[in-house]
Engineer: 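Have a look at this one.
Predicted, not measured: the structure shown is a model, and the values here were computed from it. Naming convention: chains lettered A, B, ... in sequence-line order (proteins, then strands); numbering from 1 in each chain.
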Amino acid sequence: MDFRAIEQKWNKIWEETGAHRFDQTKTDKKYYVLEMFSYPSGSNLHIGHWYNYGPADTFARFKKMQGYNVFQPMGFDAFGLPAENYAIKTGIHPKDSTMKNIAVMEKQLANMGAMFDWDHELVTCSPEYYKWTQWLFLKLYEKGLAYEKQAPVNWCTSCNTVIANEQVVNGVCERCGHTVVRKNMTQWFLKITDYAEELLSCIDSLDWPEKTKAMQKNWIGKSEGGEAVFPLENSDEKITVFTTRADTLMGVSYVVLAPEHRLVDIITTPEQKEEVEAYKLAASKASDVDRLSSTKEKTGVFTGAYCLHPITGKRVQVWIADYCLSTYGTGAVMGVPSHDDRDFDFANKYNLPITRVIKGENGNDDLPFTEHGIVVNSGEFDGLTTAEAKKAVLKKLESLGLGGVKINYRLRDWSVSRQRYWGAPIPIIHCDHCGAVPVPEKDLPVELPYDVNFTPDGQSPLKKCKEFMETTCPVCGRKALRDPDTLDTFVCSSWYYLRYIDNKNSDKPFDSELANKVAPVDKYIGGAEHACMHLLYSRFIAKALRDMGYINFGEPFTSLVHQGLILGADGEKMSKSKGNVVNPDSYINEYGSDIFRMYLMFGFAFAEGGAWNDDGIKAIYRFAERVERIVSVGANAGSDDNYGPAEKELDYALNYAIKHVTADLENLSFNTALARIMELVNALNKYAEKNVPGAFFRKACMGLVKLIAPFAPHIAEELNELMGEKGTVFCDFPSVDESKLVKDEIEYGVQVNSKIKTKMVLSTSLDSAQITEIIKSDDKIKEILDGKEIKKIIVIPKRLINIIV
RNA sequence: GCCGCCGUGGUGGAAUUGGCAGACGCGCCGGACUCAAAAUCCGGUGGUAGUGAUACCGUGUCGGUUCGACUCCGACCGGCGGCACCA
């Protein structure tokens with residue numbers, strides 16, 4: 001059989017019959033299988049695409065055969081930096097290169113033979129799509145979930161432009177390798193922090209990899225503690241600090257503000273001004289690598305100001321230091337050198353007092369002592385444990401009106417402004433009289449102009465495009481300017497699974513009723529690298545859309561699976577520079593796509609991946625040939641419907657395979673599922689060798705064709721036809737007949753003192769007590785025991801017997 | 001440093017969640033067919049000792065729980081991923 005030729009034949013038939021079309025009117029038994037969509041890169045589909053989409057399609061086909069109405073769409077995440085950087089390098093417009101790449105990938109994806117419903121395709125850079133991305137932004141703005149503020153951004157000193165966090169690699173620009181510094185710019189943010197608690201608390205209910213859930217939890221970083229207010233001496237201002245160790249409050253020897261803290265300029269004394277200014281300047285210039293290193297020596301400057309301890313009223317020095325981060329908590333911390341490593345270093349360096357207030361319970365007297373213990377030197381709190389003291393101190397602060405319980409999150413609001421060309425324009429108009437004004441919905445989309453000079457020179461490329469920038473204010477009608485920035489591409493991908501459902505709707509982003517029927521996604525399959533970005537953003541947007549009444553669920557992806565990573569043959573990540581990139585095309589040309597995807601599923605543990613090795617691909621090819629040969633025998637089998645012991649044995653093998661393949665596919669355990677199919681093929685061969693194939697053999701072969709169909713869709717269709725069946729093979733996944741798996745007799749492992757000594761075939765109708773009796777009187781057992789006295793017999797039904805002597 | 005995952009034959013990987021470790025493949029060895037080779041088919045294949053039935057040892061290391069541990073607990077070693085001055 002020419003596996004490559006039949007691929008074309010069946011791809012054509014599937015297209016003509018609309019085999020992969022999703023019927024939106026039948027959503028009572030729907031199943032939404034989604035693979036993370038592709039970025040349209042210049043080269044052909046790589047191993048990573050195949051390893052994601054091939055097995056995922058196998059799962060989707062399995063669900064379809066089980067009778068689900070399966071929705072499996074595909075599209076392109078088409079905005080983004082690579083196309084723009086490519087344009088800067090070559091002069092080829094991002095739109096042109098992107099559309100060309102999409103055309104190539106569409107063709108390759110179609111040849112893959114996956115059951116994508118191309119009627120529902122979407123491309124995020126098309127105005128029909130980004131119109132609704134802009135709509136989403138406006139709705140978030142209306143709801144108060146989008147706001148503008150000055151914030152530090154990553155500024156590349158060589159490219160003279162802002163770059164995204166993801167583009168900062170080890171503190172330098174990924175494109176040019178030059179230093180990245182922070183710069184304050186006005187940016188749009190989405191208020192993901194409003195949902196911090198819900199994003200955290202809902203995680204446990206999700207059927208997601210534990211690893212991914214843990215990453216999101218860490219990223220959200222809930223921290224339960226309290227705030228303490230230190231009033232300033234000689235001023236009405238107050239410093240509020242956040243702490244998780246309120247029990248150490250009585251050990252405070254100084255307070256630190258972040259260099260960027262609002263109060264720094266207000267409280268610094270004239271004598272300290274010069275030193276403080278110099279320190280602030282140095283801190284703002286420091287690159288992220290320098291500043292964010294925990295091993296760096298602590299530095300800081302005294303502001304000259306004093307504040308008052310909230311409980312004792314004692315004078316406490318106020319310092320600034322860059323180990324205090326302006327972006328976390330209140331941007332101010334209390335310094336307790338005796339019980340914090342950082343504070344200890346700092347206090348030693350600047351000769352600040354160190355007072356022990358926690359005693360270890362087993363006499364550990366070394367400082368700093370960062371563990372929990374018993375409070376000492378703390379007046380009324382002495383003798384309390386750390387846990388008790390935390391509560392007592394915060395209660396006291398609350399009664400004084402100087403603090404109380406507080407929860408903090410590490411999660412920060414999502415910065416979505418990009419000073420880039422190739423993205424969805426932010427639908428805001430800046431008017432001198434009215435401020436930031438949203439573009440009215442009827443004027444969407446704000447189209448991205450084609451003729452733009454996108455060479456980087458420190459300005460947003462759109463800013464230089466007069467025709468784009470100049471407009472009138474929708475409120476007052478006066479001249480106004482558009483926002484020159486574009487949206488982070490993660491905004492585009494945060495809601496795409498909803499647009500797939502209703503991709504041609506020109507009145508709204510999607511029909512809510514329909515979306516509620518088809519979504520959420522039942523099985524989402526894609527890489528693990530998106531744990532704290534795409535997957536978190538999508539959850540946030542779903543909750544926001546739910547709260548605005550557009551959908552009735554808050555979690556977009558009910559069940560999530562990450563495929564592993566296929567590495568180069570050298571065990572390193574594939575990259576052009578390492579020269580270890582494996583091109584799937586040569587294998588597909590030689591063996592066909594069914595063989596290739598089956599090999600990917602058999603040769604690796606799906607969630608693990610591993611180093612590339614093509615030793616097994618020939619074996620899979622031979623396996624497919626064996627399948628074809630045995631199915632041909634089945635197709636030509638006689639009509640004899642004898643059902644004797646040989647048939648019974650084959651029936652067992654068939655149902656055993658059905659049972660396990662079904663369970664394995666459910667778990668996306670493709671390698672073991674294929675192993676069970678191979679066993680069935682071995683059983684069929686064994687039968688055909690010794691018996692004349694008749695009606696039952698034919699039936700078993702048909703079962704094989706059905707079982708293998710999700711794995712090798714084209715081959716299975718061809719074999720189905722060979723068997724004389726009419727119509728497609730993709731229906732009626734076989735269901736197990738448990739009665740065929742009941743055995744009269746079963747082999748037990750017999751252990752003596754937990755070591756396997758012999759085997760014994762026993763009837764399955766015997767209960768444990770009966771088996772115990774048989775063991776006691778069995779001659780062979782007596783021989784093995786050699787006169788030793790039996791103390792106890794443990795019988796594990798259908799498995800083993802352990803005789804303790 | 002913190003969080004998470006992982007460690008099984010020559011090799012890719014299994015093991016119904018505490019019950020016969022190594023399923024299914026690859027590779028290798030032997031055989032059949034062949035003048036020969038390829039392809040195909042059959043048999044063997046964790047290690048050590050022994051002609052042999054068999055015995056002992058074996059899931060990173062060391063302990064523990066248990067009739068029984070790849071699986072659970074404790075300590076450690078090694079690898080991968082994420083976060084990292086988060087107060």
Engineer: Would you measure the distance from the C1' atom in B:C80 across to the matching atom in B:G64 and give it in whole Å?
Structural biologist: 29 Å
Engineer: Using a distance-only criterion (donor-acceptor N/O pair, under 3.5 Å, no hydrogens), is the base of B:C20 paired with the side chain of A:Lys759?
Structural biologist: yes
Engineer: Could you measure between the two C1' atoms, the one in B:C85 and the one in B:G81, and give it in whole Å?
Structural biologist: 22 Å
Engineer: What nucleotide among B:C24, B:C41, B:A87 has an atom nearest to a side-chain atom of A:Val333?
Structural biologist: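 So the side chain of A:Val333 is nearest to B:A87.
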Engineer: Would you mind telling me which of B:C83, B:C86, B:G19 lies closest to the side-chain atoms of A:Gln751?
Structural biologist: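 Output: B:G19.
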Engineer: Can you find an N or O donor on one side and an acceptor on the other, under 3.5 Å apart, linking the side chain of A:Lys618 with the base of B:C26?
Structural biologist: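 Flag unset: no donor-acceptor pair detected.
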Engineer: Restricting to side chain to side chain donor-acceptor pair (under 3.5 Å), what partner residues turn up for A:Asp413, sequence neighbours left out?
Structural biologist: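 Partners of A:Asp413 by the side chain to side chain donor-acceptor pair (under 3.5 Å) criterion, ordered by chain and then number, come out as A:Tyr147, A:Thr193.
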Engineer: Taking syn as any angle within 90 degrees of 0 and anti as the rest, which one fits B:G9?
Structural biologist: syn
Engineer: Rounding to an integer number of angstrom, what distance separates B:G63 and B:C24 when you compare their P atoms?
Structural biologist: 35 Å
Engineer: For the side chain of A:Thr244, starting at C-beta, report the closest nucleotide among B:G19, B:C24, B:A87.
Structural biologist: B:A87
Engineer: Quick one: the dot-bracket string of RNA chain B, using Watson-Crick and G-U wobble pairs with both distances under 3.5 Å, [ ] for crossing pairs and | for bases paired to another strand.
Structural biologist: (((((((..(((......[....)))((((((.......))))))((((....))))..(((((..]....))))))))))))....
Engineer: Mapping A:Met215 and A:Asn218 onto RNA chain B by nearest heavy atom, which one lands closer to the 5' end?
Structural biologist: A:Asn218
Engineer: Using the side-chain heavy atoms of A:Arg629, tell me which of these nucleotides is nearest: B:C20, B:U40, B:C86.
Structural biologist: B:U40
Engineer: In whole Å, measure the gap between the P atoms of B:U11 and B:C73 for me.
Structural biologist: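 To the nearest whole Å, 28 Å.
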Engineer: Drop me the distance from A:Tyr599's OH to A:Ile620's CD1, to the nearest 0.5 angstrom.
Structural biologist: 8.5 Å
Engineer: A:Phe242 has a side chain; which of B:A87, B:G82, B:G25 sits nearest to it?
Structural biologist: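 Looking only at side-chain atoms, A:Phe242 lies closest to B:A87.
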Engineer: Has A:Arg597 got its NZ or CZ under 6.0 Å from the middle of the six-membered ring of A:Trp50, at an angle within 45 degrees of the ring axis?
Structural biologist: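 Negative - A:Arg597 is either too far from the ring of A:Trp50 or too far off its axis.
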Engineer: With respect to the side chain of A:Lys757, which nucleotide from B:C20, B:G25, B:A55 is positioned closest?
Structural biologist: B:A55
Engineer: Using a cut-off of 4.0 Å between protein heavy atoms and nucleotide atoms, how would you tag nucleotides 43-50 of chain B 5' to 3' with B, S and -?
Structural biologist: --------
Engineer: Quantified in whole Å, what is the C1' atom distance between nucleotide B:G43 and nucleotide B:U48?
Structural biologist: 24 Å
Engineer: Kindly say if A:Tyr328 contacts the phosphate of B:A87, meaning a side-chain N or O under 4.0 Å from OP1 or OP2.
Structural biologist: yes
Engineer: Measure from the side-chain heavy atoms of A:Phe602 and tell me the nearest of B:C41, B:G12, B:A23.
Structural biologist: B:G12
Engineer: Report the glycosidic orientation of B:U17: syn if within 90° of 0, anti in every other case.
Structural biologist: syn
Engineer: When you measure from the side-chain N and O atoms of A:Asn802 to the phosphate of B:C20, is any distance below 4.0 Å, counting only OP1 and OP2?
Structural biologist: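 Checking B:C20 against A:Asn802, no side-chain N or O comes under 4.0 Å of OP1 or OP2.
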Engineer: With a 3.5 Å cut-off and no angle check, do the side chains of A:Thr299 and A:Tyr323 form a donor-acceptor pair?
Structural biologist: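 Not at all, the side chains of A:Thr299 and A:Tyr323 share no donor-acceptor pair under 3.5 Å.
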Engineer: Not counting sequence neighbours, list each pair that qualifies as a side chain to side chain donor-acceptor pair (under 3.5 Å) and has a residue in residues 600-623 of chain A.
Structural biologist: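 Residue pairs with at least one partner in residues 600-623 of chain A: A:Tyr587-A:Trp612, A:Tyr587-A:Asp614.
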Engineer: By nearest atom, which of the nucleotides B:C86, B:C57, B:C20 is closest to the A:Lys755 side chain?
Structural biologist: B:C57
Engineer: What nucleotide among B:G25, B:A87, B:U40 has an atom nearest to a side-chain atom of A:Asn682?
Structural biologist: B:G25
Engineer: Is the phosphate of B:C86, meaning OP1 or OP2, less than 4.0 Å from a side-chain N or O of A:Asn408?
Structural biologist: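 It does not, given that no N or O in the side chain of A:Asn408 lies less than 4.0 Å from OP1 or OP2 of B:C86.
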Engineer: Quick test: give all pairs of protein nitrogen or oxygen and nucleotides 74-76 of chain B nitrogen or oxygen below 3.5 Å, distance rounded to 0.1 Å.
Structural biologist:
none

Engineer: What does the list of N/O pairs under 3.5 Å between the protein and nucleotides 27-32 of chain B look like, with a distance for each?
Structural biologist:
none

